[in-house]
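Read the structure below first, then the notes.
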Amino acid sequence: MKKWTIAAVSLATCATVGLLAACDSCNDKKGSTEDISLMKSWKGNENEDTYSFKNQANGDLTVKYSKSGQWQYATRTFVEPEENLALMKTLVMEGSMVTDTGDPMVTLKITYKGAIPEKEVHFNMSESKATYEWDLSGAQLDQALGLMLFAEGNRVSANGTITFNSFYLTANTINEANSIDKNKPSGEKAVNEITASNGALNGGWYDSGDGVYTVEKSANEYGVEYSKKSFEYANVQAIVKGDAIKNYKTLRVTVKGTAGENFRINFYDGEKQQNHESEIVTLTGGDDVIILDLTTFIADFNCSIEQKVFVMAQPGVKDVKGTFTIKNAEFSMEDAPVTEGPFLNTITSANRAVKGWYSGDAGVFNVTENDDGSFDVTKKAGGSWAQLKANVTGAELANMASFKITLSGVEGKKVIVKPFDKVEVKAEPAETDEITFTVDLTGVTGVDYGTTLPILIFFDMDNTEDSSFTIESAEFNYKVNEITATDKTVSGWHNNGGSAYTVTENTDGTVDVTKKAGGGWDTLRVDVTGAELANMTSFKITLSGVKDKNVIVKPFDKVESKLEPATQDEVTITVDLTQVKDVDFNTVLPVLIFFDWDNQTDVSFKIVSAEFAAAQ
């Protein structure tokens with residue numbers, strides 16, 4: 001007999017929350033008296049009207065749901081003693097599920113105290129009664145907060161009923177025949193050992209755990225049948241290992257499937273949890289080779305540990321079926337083919353607009369550029385989380401404070417805008433037909449602006465019909481300093497039309513500036529606005545590293561003060577503003593610095609401080 005810890009409670013009354021666990025054991029159907037029943041104490045979350053729970057007279061638990069959004073869930077908090085939870089090894093469910101959509105997907109997630117990662121599984125239930133078991137040995141249930149249940153997780157509109165005839169935790173080991181945890185290969189785990197002389201990975205292809213793909217091997221080929229419901233990014237995967245992978249230039253997977261269907265391959269870095277995706281290939285019906293260029297990321301890839309290669313059929317599309325054959329897969333020394341890629345926006349101080357929008361998932365979005373610079377966009381039904389993209393690059397991006405985009409035709413649609421795939425704004429859904437998003441970039445870190453970076457738009461992620469919108473304008477912007485009676489300092493210095501200056505803002509508020517050789521009369525600029533500027537009598541700026549250099553400071557491009565050259569290493573320049581007239585201070589106005597306009601070598605200086613001042 002296992003040792004249990006039971007709180008001193010009155011089983012007769014079950015009067016308080018603290019008695020729920022003991023009371024549950026009074027009449028709930030379990031495997032044994034030592035199991036922990038989960039048939040009671042559920043409540044809806046996210047949307048309290050989504051889920052309803054009823055304990056029937058025969059002991060069954062009926063869960064009805066009517067969804068109006070993705071990933072709405074119900075919760076059951078663990079009130080049982082930690083000592084009892086620590087003994088549990090398996091979650092056992094017996095029951096059935098009826099849905100309007102024909103997608104009986106259930107997701108279960110265990111949440112924890114502290115920094116323990118959540119544990120999650122998803123599986124399909126049957127319309128007829130069946131038993132389902134989840135292996136929780138080693139799951140640290142004594143540190144768990146509770147259990148979350150999602151019905152048809154990422155579907156927006158769904159109705160159905162789940163009937164649990166039993167639902168409990170047990171100390172017994174799992175019956176593998178009933179296992180719902182398919183996030184591992186069925187049968188023997190196959191690892192493709194890649195060497196310098198053998199780059200083949202034609203072994204061990206298997207469903208990733210979503211239950212979407214059925215894989216059968218014949219000789220060295222793999223026949224695959226799939227039926228995707230909600231799992232639009234479900235995949236078939238193979239495991240690879242070997243430091244020799246870093247010597248290869250490309251990963252090539254040969255697929256034969258239905259003409260017109262889209263396919264993609266990924267090399268997934270499990271250590272960093274990063275996807276390295278190929279371009280999407282639209283199949284011809286013959287043998288099509290999907291190629292992933294390894295040269296851009298393989299140096300940082302830890303190939304000494306087991307990593308995964310994914311094949312995705314119709315990525316981003318749900319409610320589809322099909323078949324295909326993986327005919328060959330290998331790492332190769334062949335270079336990736338050179339193709340003309342999407343338009344690349346090189347962002348400068350004078351060119352901050354973004355164009356060249358295209359479908360990141362082939363065939364989902366269609367983009368038409370109009371004569372006025374706007375872009376009409378249509379999205380095919382079922383495209384779900386497909387991406388509309390534009391690509392940008394340029395050192396001047398480091399000085400940009402925001403990304404601003406105006407869209408029309410979006411009322412009632414969900415929209416997410418995500419520059420650099422780093423920071424996002426969203427409308428869920430948009431409340432007006434035209435909307436302007438301004439994405440704050442000042443907190444973005446860890447970005448190499450010399451590389452190609454994406455701007456992503458996710459639109460109408462739940463579209464069951466074709467939908468459309470228009471990109472009216474899209475551009476990056478510098479910081480504009482709103483000058484008030486109490487906030488008179490300025491920051492956000494940047495190039496004014498040229499590219500001579502490199503600006504680095506320091507944590508102490510100072511600014512390091514380098515000017516390239518031959519920069520001539522290129523100017524450094526900061527932008528200001530505000531009615532309070534009319535009351536400012538001077539602009540004061542302190543610079544260091546300027547001895548023997550020519551300097552001009554010119555607020556509003558109207559009045560200036562100059563040193564030709566400066567006689568000290570650190571100087572404070574005060575510009576009199578009392579004579580400034582005919583300026584609209586509610587518009588964006590420049591403050592300019594001209595520095596060492598005859599420089600034949602790179603030169604640098606520091607802006608120690610800069611601020612406006614009012615008369616005392």
**Q.** Set of residues satisfying side chain to side chain contact (heavy atoms under 4.5 Å, CB included) with respect to Thr406, sequence neighbours excluded
**A.** Glu434, Thr436, Glu472, Ser473
Q: Before accepting this row, confirm whether a basic side-chain N of the pair Glu330/Arg252 lies closer than 4.0 Å to the acidic partner's carboxylate O.
A: no
Q) side-chain hydrogen bond (donor to acceptor under 3.5 Å, both in side chains) between Ser359 and Asp361: does it pass, once the steps are laid out? A) CA-CA 5 Å; Ser359 184; Asp361 297 274; 5.7 Å; no
Q: Return the set of residues passing salt bridge (charged side-chain N to carboxylate O under 4.0 Å, His left out) with Lys606 (not counting sequence neighbours), or none when no residue passes.
A: Asp512
Q | Non-neighbouring partners of Tyr478 that pass ring-ring contact (aromatic ring centres under 6.0 Å, His included), sequence neighbours left out | A | His494
Q) What about the rings of Phe469 and Phe375, do their centers lie closer together than 6.0 Å? A) no
Q | Residue list, salt bridge (charged side-chain N to carboxylate O under 4.0 Å, His left out) with Lys516, at least two apart or on another chain | A | none
Q. Which residues pass the salt bridge (charged side-chain N to carboxylate O under 4.0 Å, His left out) test with Lys389, sequence neighbours left out?
A. none
Q. Looking at residues at least two apart in the chain, or sitting in another chain, which of them share a ring-ring contact (aromatic ring centres under 6.0 Å, His included) with Tyr449?
A. Phe420
Q.
Could you work out, with salt bridge (charged side-chain N to carboxylate O under 4.0 Å, His left out) as the rule, every residue matching Glu411, not counting sequence neighbours?
A. none
Q) Any side-chain donor-acceptor pair under 3.5 Å between Gln143 and Lys113? A) no
Q.
Regarding Lys414 and Asp460, does a basic nitrogen lie under 4.0 Å from an acidic carboxylate oxygen?
A. no
Q: Please name all residues satisfying ring-ring contact (aromatic ring centres under 6.0 Å, His included) with Tyr358, sequence neighbours left out, ordered by chain then number.
A: none
Q. Would Arg264 and Glu277 pass as an ion pair if we require N to O under 4.0 Å?
A. yes
Tabulate below the donor-acceptor pairs under 3.5 Å that side-chain atoms of residues 580-597 make, not counting sequence neighbours, or state none.
residue, atom, partner, partner atom, Å
Asp584, OD1, Asn586, N, 3.0
Thr587, OG1, Asp584, O, 2.7

Q) Thinking salt bridges, do Glu611 and Lys488 make one under a 4.0 Å N-O criterion? A) no
Q. Under 3.5 Å, side chain of Asn302 to main-chain N/O of Ser304, donor-acceptor pair present?
A. yes
Q. Gln307 side chain to Gly270 main-chain N or O, any donor-acceptor pair under 3.5 Å?
A. yes
Q.
Tell me every residue that passes side chain to side chain contact (heavy atoms under 4.5 Å, CB included) with Glu232, counting only those two or more places apart in sequence or in another chain.
A. Asn154, Lys318, Ser384, Trp385
Q. With sequence neighbours excluded, what pairs up with Asn351 under the side-chain hydrogen bond (donor to acceptor under 3.5 Å, both in side chains) test?
A. none
Q) Which atoms form the tightest heavy-atom contact between Glu306 and Val191, and what is the distance? A) OE2-CG2, 3.5 Å
(Q) To the nearest 0.5 Å, what is the distance between CG on Asn235 and CG on Asn266? (A) 7.5 Å
Q: Under the ring-ring contact (aromatic ring centres under 6.0 Å, His included) rule, collect the residues that match up with Phe263, sequence neighbours excluded.
A: Phe324
(Q) Out of the candidates Thr523, Asp522, Asp527, only one should pair with Arg525 under the side chain to side chain donor-acceptor pair (under 3.5 Å) rule; please name it. (A) Asp527
Q. Does a side-chain heavy-atom distance below 4.5 Å link Ile347 with Met400?
A. yes
Q.
Looking only at the side chains, is there a donor atom on one of Asp376 and Thr470 sitting less than 3.5 Å from an acceptor on the other?
A. yes
